[in-house]
Amino acid sequence: MADEVKMELFTILIVDDDADQAQNLQDIFEAEGYSTRLAPDGQGALALGKEKTFGLGLIDIGLPDISGVELIERLAGTSPEMEYIIITGHASLQTAVQAVGLKNIIAYETKPPNVDYLLAIVRQVTERKRAEETLKESELFNAILLNNSPFAQVVLNPDTSIKYVNPSFEKLTGYSLDEVRGLKTPHPWTRQEVADEAAKKTKEMMDSRVEGLEALLRKKNGELFWVEVTATPVFENGKLSYILANWVNITQRKQIEDQLRHSQVLTSLGQMTAGIAHEVGNPLASIVLFSEVAMKGDDVSRQTKKDL
């Protein structure tokens, strides 16, 4: 179904009351691999517009029932992305002004049309629409990845304003996309004492990939949390398009590290206390031993005197 819709996007609608010319154009475009549909008048074109999605229309201005200008205006309701090449056998300044003033008009050609010129335009339109379709598919794929990522992700515009945040970000910080879209650094989750550092790091993100940046941030409810940030600038046609920042919540890891440091400090204090006690204990033991010897000496002396 997706391929069918994609093919319909590039189907060309040819509207001309000159049956021979319409058939000639259809034969030329069909030979080039394009899908086409013919309509001899405005009503026939409108009926086809309700059935199919067309990417391009070759419209004769002088139709027997309604003008080509009116037809284009009415087709815009069913095919808003459709583009048009105006073809007329009655070239005039008034007709040209009317045609140029319409939306999505990309060319104006008089009868008999230059086939090579028309083919060149159609090829350009087709390639551009294919590129747009590929971009849409890519953006859709990226949006699916962002929205289903377990990690908080922030997309920044080149001016560092926020373009998008995913649901995991909203869950982590408490800030919704509507609350932060368009905001520039420093952001509301950046604590004041690290605002300057945050601005510096954001500038670095615009120049190269930043990995493993740890930051202590603040949730909407005031609670502090730690994240590790990986930021990647994305370039299109040599120009910075946006910056994708991936956040990993490392609050629990930081808490464990703090507990380990606290435990190590206590262990060090314990070892220090034991060492001090050992050093203090040695002279005390000597004094006790000396006292015991001295006391035994007194006892021997007294016993000797008694024996005498």
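Position 1 is the first residue of the sequence, and the numbers go up from there. Note that the coordinates shown come from a computational prediction; the quantities given were computed from them, not determined experimentally.
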Item to check | Expected output: side-chain D17 to main-chain D41 donor-acceptor under 3.5 Å | outcome: no
Checklist entry - Quick one: are I61 and I59 in side-chain contact, heavy atoms under 4.5 Å? => result no
Checklist entry - Sub-3.5 Å donor-acceptor pair from the side chain of N157 to the main-chain atoms of T160, do we have one? => result no
Checklist entry - Is there a donor-acceptor contact under 3.5 Å linking the side chains of S176 and E179? => result yes
Checklist entry - Where the side chain of S79 meets the backbone of M82, is there a donor-acceptor pair that is under 3.5 Å apart? => result no
Checklist entry - Are any of the side-chain heavy atoms of V165 and R181 separated by less than 4.5 Å? => result no
Next on the checklist: Is any side-chain heavy atom of K254 closer than 4.5 Å to one of E228?
Outcome noted: no
Checklist entry - Do Q153 and N246 have side-chain atoms, one donor and one acceptor, less than 3.5 Å apart? => result yes
Checklist entry - Atom CD of Q23 and atom CG of D16: how far apart are they, to the nearest 0.5 Å? => result 11.5 Å
Item to check | D65 side chain to Q43 backbone, donor-acceptor under 3.5 Å | outcome: yes
Next on the checklist: Is a donor from one side chain sitting under 3.5 angstrom from an acceptor on the other, for Q255 and Q252?
Outcome noted: no
Next on the checklist: For a quick test of reading the model, state the closest non-hydrogen atom pair linking A245 to V229 and the distance between them.
Outcome noted: CB-CG1, 4.3 Å
Checklist entry - Just how far is it from atom CZ of F151 to atom CZ of F169, taken to the nearest 0.5 Å? => result 16.0 Å
Checklist entry - How long is the span from the CG atom in L216 to the CD1 atom in I250, to the nearest 0.5 Å? => result 9.5 Å
Next on the checklist: Which residues pass the ring-ring contact (aromatic ring centres under 6.0 Å, His included) test with Y84, not counting sequence neighbours?
Outcome noted: none
Item to check | Derivation and outcome, side-chain contact (heavy atoms from CB on, under 4.5 Å), residues D60 and V15 | outcome: CA-CA 6 Å; D60 183 7; V15 186; 5.8 Å; no
Checklist outcome for this item: Residues L75 and G49: closest non-hydrogen pair is CD2-CA, 4.4 Å
Checklist outcome for this item: Output for pair (I14 CD1, T11 OG1), nearest 0.5 Å, gives 11.0 Å
Checklist entry - Any side-chain heavy-atom pair from K220 and T173 closer than 4.5 angstrom? => result no
Checklist entry - So, for A39 and G44, which heavy atoms are closest and what is the spacing to 0.1 Å? => result CB-C, 3.8 Å
Checklist entry - What heavy-atom pair brings P233 and A231 nearest, and what distance separates the two atoms? => result CD-O, 4.1 Å
Next on the checklist: Measuring only between side-chain heavy atoms, which start at C-beta, is R37 closer than 4.5 Å to K52?
Outcome noted: yes
Checklist entry - How about Y242 and Y164: do any of their side-chain heavy atoms sit closer than 4.5 Å? => result no
Item to check | Working for side-chain contact (heavy atoms from CB on, under 4.5 Å), residues E109 and Y117 | outcome: CA-CA 9 Å; E109 180 72 354; Y117 172 71; 3.6 Å; yes
Item to check | Donor-acceptor under 3.5 Å (S168 side chain, S149 main chain) | outcome: yes
Next on the checklist: Students often mix this up, so state it plainly: with edges at 30° and 60°, are the rings of F225 and W247 parallel, tilted or perpendicular?
Outcome noted: tilted
Checklist entry - Going through the checks in order, is the side-chain contact (heavy atoms from CB on, under 4.5 Å) test met by L25 and L118? => result CA-CA 10 Å; L25 289 174; L118 289 180; 4.0 Å; yes
Next on the checklist: Could you report the tightest heavy-atom contact between L63 and P40, atom names first, then the distance?
Outcome noted: CD2-O, 4.3 Å
Next on the checklist: Is it the case that the side chains of N104 and E83 hold a donor-acceptor pair, with the cut-off being a distance below 3.5 Å and no angle test?
Outcome noted: no
Next on the checklist: Does any part of the side chain of I85, heavy atoms only, come nearer than 4.5 Å to the side chain of I121, both counted from C-beta?
Outcome noted: yes
Next on the checklist: Could you check whether any side-chain heavy atom of E170 comes within less than 4.5 Å of a side-chain heavy atom of L177, counting everything from C-beta outward?
Outcome noted: yes
Checklist entry - What are the two closest non-hydrogen atoms of K219 and Y175, and how far apart are they? => result C-CE1, 4.2 Å
Checklist entry - To the nearest 0.5 Å, what is the distance between CD1 (I243) and CZ (F235)? => result 8.0 Å
Checklist entry - Has K171 got more than 12 heavy atoms of other residues, nucleotides or ligands less than 6.0 Å from its NZ? => result no
Next on the checklist: Does F29 form a side-chain contact (heavy atoms from CB on, under 4.5 Å) with L58? I'd like the steps, not just the answer.
Outcome noted: CA-CA 11 Å; F29 287 119; L58 274 63; 3.6 Å; yes
Item to check | Main-chain N/O of L38 paired with Q26 side-chain donor or acceptor, under 3.5 Å | outcome: no
Next on the checklist: Could you measure the distance from the CD atom of E223 to the CG atom of L217? Nearest 0.5 Å is fine.
Outcome noted: 12.0 Å
